[in-house]
Amino acid sequence: ETGVTQSPTHLIKTRGQQVTLRCSSQSGHNTVSWYQQALGQGPQFIFQYYREEENGRGNFPPRFSGLQFPNYSSELNVNALELDDSALYLCASTRGGEQYFGPGTRLTVT
Amino acid sequence: EDQVTQSPEALRLQEGESSSLNCSYTVSGLRGLFWYRQDPGKGPEFLFTLYSAGEEKEKERLKATLTKKESFLHITAPKPEDSATYLCAVQARSGSEKLVFGKGTKLTVNP
């Protein structure tokens with residue numbers, strides 16, 4: 001049990017819409033990272049938050065944005081959805097230098 | 001740019017047939033190399049972290065080793081429940097704590 005939960009499990013959106021994905025981790029896990037995993041690929045780093053501040057960003061456009069809250073929850077927001085945004089979105093919290101992943105949110109854009 | 005290449009892409013074994021998965025990497029100063037197991041449609045499950053060349057770690061039928069250029073995940077006498085995709089990732093010493101992943105090796109163990 002990683003202690004990382006994500007919601008929703010699945011989501012279907014239309015191109016051009018906006019989506020918010022949520023992640024919750026355990027108390028004291030100050031670092032949260034978000035990854036995008038396309039089918040048949042390894043996870044790709046989107047960004048990371050440490051104590052509510054962005055601490056690093058991968059090669060994703062500004063329409064991917066995030067927030068981290070004092071209660072150790074986090075959000076990933078994606079605006080102007082494109083078909084290529086269809087993927088499994090993973091949240092990970094850091095504990096002891098290691099990243100533990102949640103179950104993911106499967107986003108389908110039609 | 002940090003990079004991870006995993007081979008083979010897919011591997012089929014008979015139950016009890018031992019083998020190894022390879023992870024080659026380039027990174028600007030290695031902080032750690034990580035192995036994960038991922039079942040279809042689920043999040044990656046942490047297996048091991050290796051920090052320096054020569055280090056080895058074991059867990060049940062799995063053993064991970066590390067050199068300066070690659071890591072191996074050895075699977076001894078695998079069982080069907082070991083079937084999964086195994087992901088390798090590196091973390092650089094500088095910058096954010098991002099993980100750079102390979103595409104994974106899909107392992108199938110037949111009974």
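Here is how names work: the chains are called A, B, and so on, in the same order as the sequence lines, proteins then strands, and each is numbered from 1. Bear in mind the structure is a predicted one, so any value in this text is a computation, not a measurement.
- Of the two parts of B:F48, neither the backbone nor the side chain holds a non-hydrogen atom closer than 4.5 Å to a non-hydrogen atom of chain A.
- The closest side-chain donor-acceptor pair between A:T20 and A:N77 falls under 3.5 angstrom.
- Listed by first and then second residue, the side-chain hydrogen bond (donor to acceptor under 3.5 Å, both in side chains) pairs involving residues 31-47 of chain A are A:S33-A:Q48, A:W34-A:S74, A:Y35-A:Q99, A:Q36-A:Y89, A:Q37-B:Q38 (not counting sequence neighbours).
- A donor atom on one side chain and an acceptor atom on the other are not found under 3.5 Å apart for A:S86 and A:D84.
- With a 4.5 angstrom heavy-atom cutoff, B:Q91 touches chain A only via side-chain atoms.
- Looking only at heavy-atom pairs under 4.5 Å with chain A, the residue among B:T49, B:L99, B:L87 that has the most is B:L99.
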> Hey, mind stepping through A:E98 and A:R95 against salt bridge (Lys or Arg N to Asp or Glu O under 4.0 Å) and telling me if it holds?
Replying inline: CA-CA 5 Å; A:E98 292 153 353; A:R95 184 170 76 241; over 6 Å; no
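- For the options A:A92, A:G42, A:P43, A:G102, heavy-atom pairs under 4.5 Å to chain B are most numerous at A:P43.
- Taking the ring-ring contact (aromatic ring centres under 6.0 Å, His included) definition, one finds that A:Y100 meets it with B:F46, sequence neighbours left out.
- Contact tally against chain B (heavy-atom pairs below 4.5 Å) for A:G104, A:P103, A:C91, A:G56: the top residue is A:P103.
- With a 4.5 Å cut-off on non-hydrogen atoms, A:T9 does not touch chain B at all.
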